[in-house]
Protein chains: 2
Amino acid sequence: MTDLSIGEISRQSRVKVPTIRYYEQIGLLPAPPRSEGNRRLYGARDLRRLSFIRHARDLGFEIDAIRTLLTLQDNPNQPCAEADGIARDKLAEVDARIESLMALKEELEAMVGGCGHRCVGECRVIEVLADHHKCLHAEH
Amino acid sequence: MTDLSIGEISRQSRVKVPTIRYYEQIGLLPAPPRSEGNRRLYGARDLRRLSFIRHARDLGFEIDAIRTLLTLQDNPNQPCAEADGIARDKLAEVDARIESLMALKEELEAMVGGCGHRCVGECRVIEVLADHHKCLHAEH
DNA sequence: GCTGCATCCTCTAGTCACTAGAGGAGCAAG
DNA sequence: CTTGCTCCTCTAGTGACTAGAGGATGCAGC
């Protein structure tokens, strides 16, 4: 098991060095052994764990959810309903975010399209923001 | 011009009381005059400005962008290319966010669908997070 | 052995846009 | 006069990092 420096594991996992130290600080990644010169020495297990974390963060999972997922991963004989639940919750959240962004997109398109670059006094962008009734979607 | 208390303007603008004080602190909303008992007294102008801010925040504009938009609104004889530019930037950002969320949605759906609630050892959710090659979208 | 440079260490403080809470004062109704 | 609501200021906390100071270590070339 070749030892990896923090810089090396950072390149391989594509997680920045200060972020790795931060993960150690909050207890997401175990504190690794140190070299004689006090440098962190990581192994293959750490690289897998860090990749797992990065991947989950990319997918929008919060640190707390990842903590649960990692505990689950460490005990593979438990039923996985909890992991499934976390993913399902995330999916619902993502669906909602997409929907509201689609509404926002329409609104912004109406703003941008309607303005002929004359002067602020007649600008659609400002107008729509100032007067809620000009919105396409009144619910917000 | 009837004076509004901070609670009243909060209800009418649907911006929370501490948030209004925060906006005053960062100079987004001018400090209003005070009553004899040192309470803030707002007018119709403040309500309009606050509604503008809330609306823009709802649409995902950052405080700094809103600051620019407000300055623009205060001088209505300027050309509005800048306001239009801010909205266009926001639109591009929203488009990108929607796209990445759609990819994420697919990924999560594959996770959630593939797991029959047996045990963590065979859970799709954990597997996909641990092993990047099981992803639908390899680019992240 | 020495120099120079990259990498590493710890620690503190800053980011964004609020939110929470302490501790106290004002105000209107009963 | 008391109760309960709203208001005041101030400080500190949130999440997930990021930036920077100030110093130690490690290694390649001369």
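Owing to the predicted nature of the structure, the values given are computational and were not obtained by experimental measurement.
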Could you check how far [atom1] of [X] sits from [atom2] of [N], rounded to whole Å?
X: B/L4; N: D/dC7; atom1: CG; atom2: P; result: 11 Å
X: B/I6; N: D/dC8; atom1: CD1; atom2: C1'; result: 10 Å
X: B/R21; N: D/dC7; atom1: CZ; atom2: P; result: 8 Å
X: B/E24; N: D/dC7; atom1: CD; atom2: C1'; result: 13 Å
X: B/R11; N: D/dC5; atom1: CZ; atom2: P; result: 13 Å
X: B/R39; N: D/dC5; atom1: CZ; atom2: P; result: 14 Å

Base, sugar-phosphate, or nothing: which does A/I26 touch, judged by heavy atoms less than 4.0 Å apart? nothing
How is B/S35 classified with respect to the nucleic acid when contacts are heavy atoms under 4.0 Å: base, sugar-phosphate, or nothing? nothing
Once rounded to the nearest 0.5 Å, what's the spacing between atom CD of B/E99 and atom CE of B/M102? 9.0 Å
Whether [X] contacts [N] is assessed here as follows: a side-chain N or O lying under 4.0 Å from the phosphate OP1 or OP2. Is that the case?
X: A/K16; N: D/dC17; value: no
X: A/T19; N: D/dA16; value: no
X: A/Y23; N: D/dC17; value: yes

Check whether any side-chain N or O of [X] sits under 3.5 Å from a backbone N or O of [Y] as a donor-acceptor pair, and report yes or no.
X: A/R88; Y: B/E109; result: no
X: A/R49; Y: A/L29; result: no
X: A/T19; Y: A/V15; result: no
X: B/R54; Y: B/S13; result: yes

Apply side chain to side chain contact (heavy atoms under 4.5 Å, CB included) to residues B/D46 and B/L50 and explain how you reach the verdict. CA-CA 6 Å; B/D46 298 306; B/L50 207 44; over 6 Å; no
Contacts of B/E8 meeting side-chain hydrogen bond (donor to acceptor under 3.5 Å, both in side chains) (sequence neighbours excluded), chain-then-number -> B/R11, B/Q12
B/Y42 pairs by side chain to side chain contact (heavy atoms under 4.5 Å, CB included) with which of B/D3, B/L47, B/L4? B/L4
Nearest heavy atom decides the nucleotide; on that basis, is A/P18 or A/E36 closer to the 5' end of DNA chain D? A/P18
Comparing A/N38 with A/D64, nearest DNA chain D nucleotide closer to 5' gives the residue A/D64
Nearest-nucleotide 5' precedence on DNA chain C, A/V17 against B/G37: A/V17
Show your reasoning for whether side chain to side chain contact (heavy atoms under 4.5 Å, CB included) applies to A/L69 and A/F61. CA-CA 10 Å; A/L69 255 13; A/F61 289 89; 4.2 Å; yes
Dump every N/O contact between nucleotides 12-15 of chain D and the protein below 3.5 Å, one line per pair.
none

From the 5' end of DNA chain C to its 3' end, which nucleotides mark the outer limits of contact with chain A, defined by a 4.0 Å heavy-atom distance cut-off (strictly under)? C/dT7 to C/dT10
